[in-house]
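Here the structure is laid out as structure tokens; the discussion comes afterwards.
Every value quoted in this text rests on a predicted model; they were computed, and no experiment measured them. Order of the sequence lines fixes the chain letters, A, B, ..., with proteins taken first and strands second; residue numbering starts at 1 for each chain.
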Amino acid sequence: MERVYINTISGHEGKEVTLKGWLYNIRSSGKLIFPEFRDGTGLIQGVVSKNEVDEKVWNDFNDLTQESSVIVTGLVTKHPKKEDTYEIQVKNLEIIQIAEPYPITPKEHGVDFLSDRRHLWLRSQRQAAILRIRNELVQSIREYMYNNGFILFDTPIFTPNACEGTSTLFATDYFDLGKAYLSQSGQLYAEAGAIALGKVYTFGPTFRAENSMTRRHITEFWMMEPEMAYYDIDDNMDLIEDFLEYVIQRVLKNCSKELKSIGRDTSKLENVLKPFPRITYEEAVEILREKDIPLIKKTENGEEHIRPFPFGEDFGAPHEEAIVENFNKPVMVHRWPAEAKAFYMKRDPKDPKIVLGVDVLAPEGFGEIIGGSQREDNLELLKQRIIEHDLPIEAFSWYIDLRRFGSVPHSGFGLGLERLVSWVCNLDHIREAIPFPRRPNRITP
RNA sequence: UCGAGGAUAGCUCAAUGGUGGAGCAUUCGGCUGUUAACCGAAGGGUUGGGGGUUCGAGUCCCCCUCCUCGAGCCA
């Protein structure tokens with residue numbers, strides 16, 4: 001008997017096949033049982049008729065519990081009521097294991113209950129669909145990079161110091177060498193790679209020990225960071241645009257079934273085509289002033305609302321939202337005030353208070369999915385910035401070397417994978433975008 | 001870290017300071033086209049922990065623990 005997967009079942013109509021999987025749900029009606037099977041590729045309903053199977057098979061079905069592992073054999077037929085749906089007329093059943101009472105029922109559950117059982121929650125159709133979409137996104141990112149001449153350049157996870165110095169780092173003991181920190185970005189190393197290989201990208205886990213308890217943050221997440229020699233900020237934005245269009249259009253094409261099953265309105269994603277709006281920070285501030293969105297500052301006795309929005313301040317969630325709602329595509333906000341950004345960003349030659357950085361804000365309130373910049377390539381200016389930011393200059397000696405030996409203009413950006421997944425899937429919370437999320441208050445399972 | 005809300009059956013939630021309930025899940029019974037199937041029955045509780053007010057506390061007050069949402073930080 002041929003073993004088939006549920007997602008290819010339509011090609012086996014009228015044939016007897018074997019499915020290896022699990023019991024997803026079961027309903028019965030007197031002398032008929034409707035078991036629903038899953039096998040990791042999809043769901044299919046079985047039909048068991050008491051008059052047409054051995055008594056043992058009938059009795060075995062009555063013993064089955066949710067998530068019991070089973071191998072079933074039967075005839076593939078069209079569903080009598082539903083279009084494009086198939087059923088299996090069960091003839092035989094082999095029980096691999098009777099599952100203990102399964103905690104996740106077809107009814108509603110709270111997020112904490114499900115998170116405690118993440119290892120089981122992953123079996124639900126919605127979670128499985130999200131992870132298939134994640135897989136497609138990762139694959140398309142890698143293919144875009146490969147097809148466009150980027151070299152995969154893996155950067156270390158144990159690092160001796162902070163990349164930007166601002167974010168909190170996870171510390172570990174590293175033999176006799178003192179503390180090592182888990183990487184919060186591969187960028188500085190990728191810059192060395194870009195000078196060596198032209199165009200590179202790093203794609204790996206990153207760690208931020210920030211106590212951020214929002215729907216957009218996890219402490220361990222995957223980041224893809226391309227870095228390109230002889231790219232200025234505008235080349236960088238051209239790349240971001242081309243890259244995002246490719247990835248989104250491809251996931252729409254290859255994951256239409258999964259996107260539909262999680263109820264994603266794909267019309268908003270279909271719109272993600274070049275060109276994307278590019279606005280300067282200054283223009284973004286104009287939008288905020290027109291909409292009368294204030295800067296909210298915390299003071300000793302509550303908060304202070306400052307309007308009009310002052311030039312030079314960084315944006316918070318309400319500001320990003322107000323800017324994004326003017327457009328129906330990702331928005332690239334570029335040329336930021338220097339004090340709001342990292343030390344390695346190159347200053348705008350036209351205005352030393354401005355850096356050549358770019359943030360990409362996703363539509364529908366998903367916030368910053370990409371942050372990038374042209375890097376400071378001048379030896380003296382870079383040293384000066386490191387000192388200004390109060391960073392230990394010895395630790396950056398190898399990084400500074402890149403400006404001593406054949407320095408060139410170069411740029412890059414960082415893409416947060418889980419934020420991309422959240423946006424594509426329209427998730428309420430980033431915790432569903434990764435198999436086992438790590439948050440400040442959760443490290444299990 | 002700050003602000004707001006919450007913790008009651010295995011799960012999701014009700015309960016005016018006065019005998020703690022329902023749906024689902026589980027067990028048993030019924031039903032030949034069910035779709036979070038349906039119908040009937042049964043079992044299931046130290047109301048997160050500690051203290052206080054009261055004749056009487058799931059309910060009011062204080063402390064603690066944990067969770068959720070929002071803010072900040074960022075991808």
Side-chain angles (χ1 to χ4, degrees), chain A residues 24-36 43-52 58 62-63 65-66 77 79-82 85 87 89 100-117 124-125 163-164 166-168 183-187 203-225 295-300 302-303 313-320 340-342 359-362 366-372 413-423 428-431 433-434 439-442:
Chain A
Y24 191 71
N25 195 9
I26 190 162
R27 295 175 285 271
S28 70
S29 176
K31 296 187 177 63
L32 275 181
I33 296 174
F34 299 96
E36 217 172 342
L43 274 185
I44 190 168
Q45 173 169 280
V47 184
V48 188
S49 172
K50 190 174 186 181
N51 297 336
E52 303 197 5
W58 180 261
N62 280 293
D63 289 341
T65 55
Q66 194 187 347
T77 59
H79 194 290
K81 293 179 187 169
K82 286 185 175 175
T85 305
E87 315 182 297
Q89 308 292 326
E100 291 177 27
Y102 193 67
I104 301 176
T105 68
K107 278 276 180 178
E108 283 175 52
H109 296 286
V111 69
D112 201 42
F113 178 85
L114 290 169
S115 294
D116 282 341
R117 293 157 185 79
S124 72
Q125 291 305 103
C163 163
E164 307 185 19
T166 52
S167 306
T168 326
S183 171
Q184 58 178 249
S185 167
Q187 180 201 314
F203 198 166
T206 55
F207 309 87
R208 304 274 167 96
E210 292 157 345
N211 195 4
S212 301
M213 297 282 286
T214 81
R215 66 174 71 182
R216 288 195 284 277
H217 290 87
I218 40 183
T219 52
E220 177 183 325
F221 64 97
W222 286 67
M223 188 154 64
M224 195 285 289
E225 297 168 281
L295 173 74
I296 298 170
K297 272 212 164 161
K298 286 203 172 151
T299 59
E300 279 172 24
E303 27 183 60
E313 294 288 337
D314 204 355
F315 300 150
H319 311 106
E320 287 184 359
K341 293 290 177 186
D359 281 4
V360 181
L361 306 177
F366 284 91
E368 187 183 342
I369 52 167
I370 284 176
F413 65 87
L415 165 84
L417 177 64
E418 287 76 15
R419 288 204 177 159
L420 178 67
V421 174
S422 295
W423 167 41
D428 290 335
H429 200 295
I430 197 168
R431 74 181 128 223
I434 185 169
R439 306 184 65 219
N441 64 345
R442 178 171 293 281

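Side-chain contact between Ile218(A) and Glu418(A): present, with at least one pair of heavy atoms (C-beta onward) separated by less than 4.5 Å. With contacts defined as side-chain heavy-atom distances shorter than 4.5 Å, the pair Thr65(A)/Tyr102(A) does not qualify. Residues Thr219(A) and Phe207(A) fail the side-chain proximity criterion, which asks for heavy atoms closer than 4.5 Å.
In this structure, Asn441(A) places its CG atom where more than 12 heavy-atom neighbours from other residues, nucleotides or ligands lie under 6.0 Å away.
Each of A25(B), A71(B), A75(B) was ranked by its minimum atom distance to the side chain of Thr105(A); first place goes to A25(B). When each of C74(B), U68(B), G33(B) is scored by its nearest atom to the side-chain atoms of Glu210(A), the top-ranked nucleotide is C74(B). For Glu368(A), taking side-chain heavy atoms from C-beta onward, the closest of the listed nucleotides A75(B), A36(B), C31(B) is A75(B). Distance from the side chain of Arg419(A) is smallest to C74(B) among G72(B), G70(B), C74(B).
For the pair Phe34(A) CZ and A36(B) P, the interatomic distance rounds to 14 Å; values are reported in whole Å. One atom, CD of Glu108(A), and another, P of A22(B), lie 19 Å apart when rounded to the nearest Å. Atom CG in Asp112(A) sits about 7 Å away from atom P in C67(B), given to the nearest Å. Note: CZ (Phe315(A)) to P (A71(B)) measures 16 Å, nearest angstrom. Between the P atom of C73(B) and the CD1 atom of Ile430(A) lies a distance of 17 Å, rounded to the nearest Å.
In this structure, Thr206(A) reaches neither bases nor backbone, as no heavy-atom distance under 4.0 Å exists between it and the strands shown. Using a 4.0 Å heavy-atom cutoff across all strands shown, Lys82(A) reaches at least one base atom of the nucleic acid. As judged by a 4.0 angstrom heavy-atom cut-off over every strand, Arg431(A) is placed among residues touching the sugar-phosphate backbone only. Residue contacts shown for Glu36(A) are absent, as no nucleic acid heavy atom lies under 4.0 Å away. Across all strands shown, Phe113(A) has heavy atoms under 4.0 Å from sugar-phosphate atoms exclusively, and none from any base. Using a 4.0 Å heavy-atom distance criterion, Gly316(A) is classed as a sugar-phosphate-only contact. Leu417(A) comes within 4.0 angstrom of nothing in the nucleic acid, heavy atoms only. Looking at heavy-atom distances under 4.0 Å, Pro101(A) makes no contact with the nucleic acid at all. Within 4.0 Å of Leu415(A), counting heavy atoms only, lies no atom of the nucleic acid at all.
Between the side chain of Ser212(A) and the base of C73(B), a donor-acceptor pair under 3.5 Å is found. With hydrogens and angles left out, the side chain of His429(A) and the base of U68(B) share no donor-acceptor pair within 3.5 Å. No N or O donor and acceptor, one from the side chain of Arg439(A) and one from the base of C67(B), sit under 3.5 Å apart. Evaluation of atom-type donor-acceptor distances gives a pair under 3.5 Å for the side chain of His217(A) against the base of C74(B).
Side chain to side chain, Gln66(A) and Thr105(A) fail the donor-acceptor criterion of an N or O pair below 3.5 Å.
Comparing U47(B) with A7(B), their P atoms are spaced 14 Å from each other, to the whole Å. Comparing the C1' positions of G50(B) and A14(B) gives a spacing of 27 Å, expressed to the nearest Å. The separation of G17(B) from C55(B), taken at their C1' atoms, amounts to 12 Å, rounded to a whole angstrom. For the P atoms, the distance linking C39(B) with G45(B) amounts to 25 Å, nearest Å.
Pairing partner, A41(B): U27(B), with both Watson-Crick or wobble hydrogen-bond distances short of 3.5 Å.
The shortest distance between the side-chain N/O atoms of Lys81(A) and the OP1/OP2 oxygens of U34(B) is below 4.0 Å. OP1 or OP2 of U68(B) has at least one side-chain nitrogen or oxygen of Asn441(A) nearer than 4.0 Å. Using a 4.0 Å cut-off, no side-chain N or O of Arg27(A) falls inside it from OP1 or OP2 of C38(B).
Side chain of Arg419(A) to main chain of Phe366(A): no donor-acceptor pair is present (N/O by atom type, distance under 3.5 Å, no hydrogens or angles).
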